[in-house]
Amino acid sequence: MSKLFRAVIMGPPGSGKGTISERIAHSFGLKHLSSGDFVRENISAKTEAGVLAMTYIKKGLLVPDHVMTRLLLPRLVEMTKYSWLLDGFPRTLAQAKALNSACDLDIAINLNIPLETLKERLRHRWIHPASGRVYNMCFNPPRVQGIDDITGEPLIQQEDDRPEALVARLRHYKDVAKPVIDFYKAKGILYTYSDTETDQIWPNICTLLSTRIPTIQSDARCASTP
Ligand code: G5P
Ligand code: MG
């Protein structure tokens with residue numbers, strides 16, 4: 001059996017973590033685990049953690065570390081047989097240390113996207129709540145406006161993409177991400193990508209992963225679209 005591969009992808013809200021994670025999952029066969037999706041699943045199911053998380057997300061704040069680690073770490077235990085990519089976790093140094101105690105990472109991908117680009121993108125973002133599918137009315141619009149391509153159900157804008165929550169999220173991100181970035185830099189596993197376009201970043205990430213993941217699916221492509 002080939003060695004399992006474990007990666008995290010970090011970046012501010014709207015930096016393209018979800019979009020790039022989907023491309024990596026599709027091209028390299030990794031499981032895509034999104035902390036935001038886990039939180040939203042718990043909100044929909046009205047679990048205790050979900051109800052608590054909603055009070056923070058509404059204000060554009062991070063969910064407290066103890067709630068996030070309680071949600072996330074058990075999911076990783078279910079994934080011991082798989083290679084995975086964790087999207088959106090860790091967000092804080094405490095989370096990075098908790099993850100470090102649970103497993104060894106191969107790489108940490110860090111997306112560095114200008115603030116103005118982020119604001120513009122999130123203004124146009126719509127999601128399909130049941131699946132977490134993400135659209136952007138300019139970059140990847142649905143076939144029919146306001147309707148999910150696969151199910152035909154309506155799309156919504158998330159609570160935390162409302163302008164007031166968004167600015168708070170972006171401001172807070174920089175402060176908490178810095179120690180996490182330094183933590184992975186010190187471990188020698190940090191790869192930072194800076195650009196305004198996902199399609200410019202993707203070939204570079206794809207090239208990196210091609211050299212690091214032993215078993216690449218035959219349809220792995222490093223072109224700009226998956
Ligand atoms: P999430 O769900 O992890 P965020 O805030 O980290 O949310 P988000 O908003 O999901 O990140 P993303 O995944 O980085 O952004 O980006 P994306 O969705 O792929 O792309 C953003 C938009 O831009 C999309 O519409 C996409 O189509 C478009 N796009 C992508 N590339 C391009 C491009 O090149 N050009 C253009 N024009 N558009 C593009 O977490 C939600 C909340 O849950 C809590 C927090 O409260 C968080 O705010 N949470 C946590 N709290 C504490 N600790 C954690 N670990 C937590 N994880 C989640
Ligand atoms: Mg996301």
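Order of appearance sets the numbers: ligands from 1, and atoms from 1 within every ligand.
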Return yes when [X] approaches ligand 1 closer than 4.0 angstrom through a heavy atom, no otherwise.
X: C138; result: no
X: G11; result: no
X: W126; result: no

Test: E120 and R125 ion pair at under 4.0 Å: no
Give the atoms of ligand 1, by number and element, whose distance to some non-hydrogen atom of [X] is under 4.0 Å.
X: T198; value: 30 (C), 31 (N), 32 (C), 33 (C), 34 (O)
X: R40; value: 2 (O), 41 (C)
X: Q95; value: 52 (C), 53 (N), 54 (C), 55 (N)
X: Y135; value: 25 (O)
X: E197; value: 33 (C), 34 (O), 35 (N)
X: P12; value: 14 (O)
X: N140; value: 27 (O)
X: L61; value: 45 (C), 46 (O)

Separation of L111 CG from Y193 OH (nearest 0.5 Å): 9.5 Å
Check Y135 against P141 and note the closest heavy-atom contact, atom names and distance. CD2-C, 4.0 Å
Mark yes or no for whether N42, through its side chain, and T47, through its backbone, hold a donor-acceptor pair below 3.5 Å. no
Report yes if some heavy atom in the side chain of T196 is under 4.5 Å from a heavy atom in the side chain of P114; otherwise report no. yes
